[in-house]
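Working notes, beginning with the structure itself.
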Number of protein chains: 2
Amino acid sequence: MVKKSTYADILEIAYRLFAEHGFDKTSMSMISKELKMTKPALYYHFPSKNSIIDALFNEICQSIRFEYFFDITSYTKQNFEQQFINDGLKILAAQQTDEYYARIMNQYQALGYREVHYAQTLINILEGFQTGFEKLLQYGASCEVVHTQDLSLAAQTLTMIIDGMDNFVGYGFHYRYEDIWIKTVQTIIKGD
Amino acid sequence: MVKKSTYADILEIAYRLFAEHGFDKTSMSMISKELKMTKPALYYHFPSKNSIIDALFNEICQSIRFEYFFDITSYTKQNFEQQFINDGLKILAAQQTDEYYARIMNQYQALGYREVHYAQTLINILEGFQTGFEKLLQYGASCEVVHTQDLSLAAQTLTMIIDGMDNFVGYGFHYRYEDIWIKTVQTIIKGD
DNA sequence: GTCTATAATTTGATAGAC
DNA sequence: GTCTATCAAATTATAGAC
């Protein structure tokens with residue numbers, strides 16, 4: 001067992017506690033207790049509770065960008081549909097392995113309603129998906145493998161489906177997510 | 001200007017404050033101040049802050065059930081597609097007129113992660129949509145107007161789209177929601 | 001880097017008068 | 001139904017010793 005840095009320890013513990021109890025009901029006392037250190041020791045590493053919340057936010061946002069899951073350079077005319085389906089399912093799989101993900105994101109969304117900085121970052125991520133999907137579909141159309149006319153609308157639909165799957169998974173719904181994704185992608189590829 | 005009941009006044013003010021500042025950062029002092037009464041006066045009407053949150057929750061849940069928007073008895077073979085589209089757009093319109101709706105629901109979702117009672121009620125509502133859509137599609141299939149084979153999958157997709165539209169509207173995304181809904185419904189009706 | 005001790009503030013909630 | 005006054009508890013954050 002390698003000793004991780006205190007900084008990383010704090011973020012890991014805070015992530016779990018924030019998910020379980022929420023930002024507001026997780027006090028610095030709770031975090032320090034769980035870390036087996038005292039409150040002032042915790043304050044030595046982070047100047048405030050908000051700075052922990054922010055550090056966590058930045059770390060999470062790095063790992064959920066469109067480019068993290070979809071690599072446009074790996075797409076060809078031959079593998080297009082399969083690759084598209086697989087890359088989307090990677091997101092689903094990632095979320096399903098992190099039981100706290102949805103709870104945490106729900107709270108950052110709430111923060112976003114009150115502080116534009118959070119909202120803007122989250123909006124940028126979702127816009128990354130939308131424009132990413134659009135570029136991918138444009139490439140597909142140029143290969144004559146995508147037949148939908150309205151690529152922009154298709155990209156919006158895909159973004160909403162991806163976001164919706166995250167939400168529903170996090171809420172414990174046992175939907176047939178794989179099938180929903182596959183069918184949505186196939187319908188768009190096939191065109192009207 | 002008719003004088004509403006104090007009870008209703010409190011819920012109206014609390015709804016706005018909860019949306020603007022969140023449950024935790026909205027204190028009973030803030031609510032009473034906004035109502036131009038004192039804190040103990042507020043406590044006379046509601047025994048606790050949680051009881052306000054609960055009363056609001058019950059009121060909201062009444063107004064977002066599937067049956068509130070979709071009346072299956074009004075569907076015929078002739079009007080099926082148009083009626084389906086219109087009823088879905090009614091939800092979208094309702095949400096767009098209430099600027100606080102998404103913020104409030106985001107918080108009840110967060111509560112649901114910590115107290116099953118909230119989660120169960122929200123899940124019931126979403127399940128109401130899913131089974132409602134399925135029944136509607138079944139009726140459509142019996143009229144030979146719906147041609148999708150997998151009605152259950154279609155119902156799940158529709159539920160996710162409805163929920164996703166609420167989320168995205170609330171976050172200020174200017175998506176082409178009407179078109180997304182229309183196209184989704186038409187694709188399902190048309191079948192593979 | 002970690003500790004003890006404590007300041008400063010806010011909160012949800014109540015007693016009791018009118 | 002509304003008020004003044006107040007409580008007990010909890011919270012974020014800091015001073016200062018080791």
Without decimals, in angstroms, what is the distance between [X] [atom1] and [N] [atom2]?
X	N	atom1	atom2	result
B/Phe46	D/dT2	CZ	P	13 Å
B/Asp24	C/dG12	CG	C1'	12 Å
B/Met37	D/dT4	CE	C1'	16 Å
A/Leu35	C/dG1	CG	P	14 Å
A/Tyr44	D/dA15	OH	P	16 Å
A/Phe23	D/dT11	CZ	P	17 Å
A/Lys25	C/dT11	NZ	P	13 Å
B/Tyr7	D/dG1	OH	P	13 Å

Under the side chain to side chain donor-acceptor pair (under 3.5 Å) rule, what pairs show up with a residue in [range], not counting sequence neighbours?
range	answer
residues 27-46 of chain A	A/Arg16-A/Glu34
residues 155-176 of chain B	A/Gln130-B/Tyr175, A/Asp150-B/Arg176, B/Arg176-B/Asp179
residues 54-64 of chain B	B/Asp54-B/Tyr118
residues 102-113 of chain A	A/Gln109-A/Tyr113

Could you pull out all donor-acceptor pairs under 3.5 Å where a side-chain atom in residues 83-95 of chain A meets a protein atom, sequence neighbours excluded?
unit_1	atom_1	unit_2	atom_2	d
A/Gln83	NE2	A/Ser74	OG	2.7
A/Asn86	OD1	A/Gln82	NE2	3.3
A/Asn86	ND2	A/Gln82	O	3.4
A/Asp87	OD2	A/Tyr75	OH	2.6
A/Lys90	NZ	A/Phe69	O	3.0

Practice task
Over 60° means perpendicular and under 30° means parallel, so classify the ring planes of B/Phe133 and B/Trp181, tilted if in between.
Solution key: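 Because their plane-to-plane angle lies in the 30° to 60° range, the rings of B/Trp181 and B/Phe133 count as tilted.
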
Exercise for the section: Can you check each nucleotide of nucleotides 13-18 of chain C against protein heavy atoms at under 4.0 Å and return B for base, S for sugar-phosphate only, - for none, in 5' to 3' order? Expected result: BBB---

Exercise for the section: Could you tell me the separation between the CD1 atom of B/Ile161 and the CE atom of A/Met160, rounded to the nearest 0.5 Å? Expected result: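 The CE atom of A/Met160 is 4.5 Å from CD1 of B/Ile161, to the nearest 0.5 Å.
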
Handout entry: Of the listed nucleotides C/dG1, D/dT12, C/dG12, the one nearest the side chain of A/Ser27
Key =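 Closest nucleotide to the A/Ser27 side chain: D/dT12.
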
Exercise for the section: Looking at every strand, decide which applies to B/Thr26 at a 4.0 Å heavy-atom threshold: base, sugar-phosphate, or nothing. Expected result: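 Sugar-phosphate, backbone atoms only, no base.
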
Practice task
Please check the phosphate of C/dT2 (OP1 and OP2 only) for any side-chain N or O of A/Thr38 closer than 4.0 Å.
Solution key: no

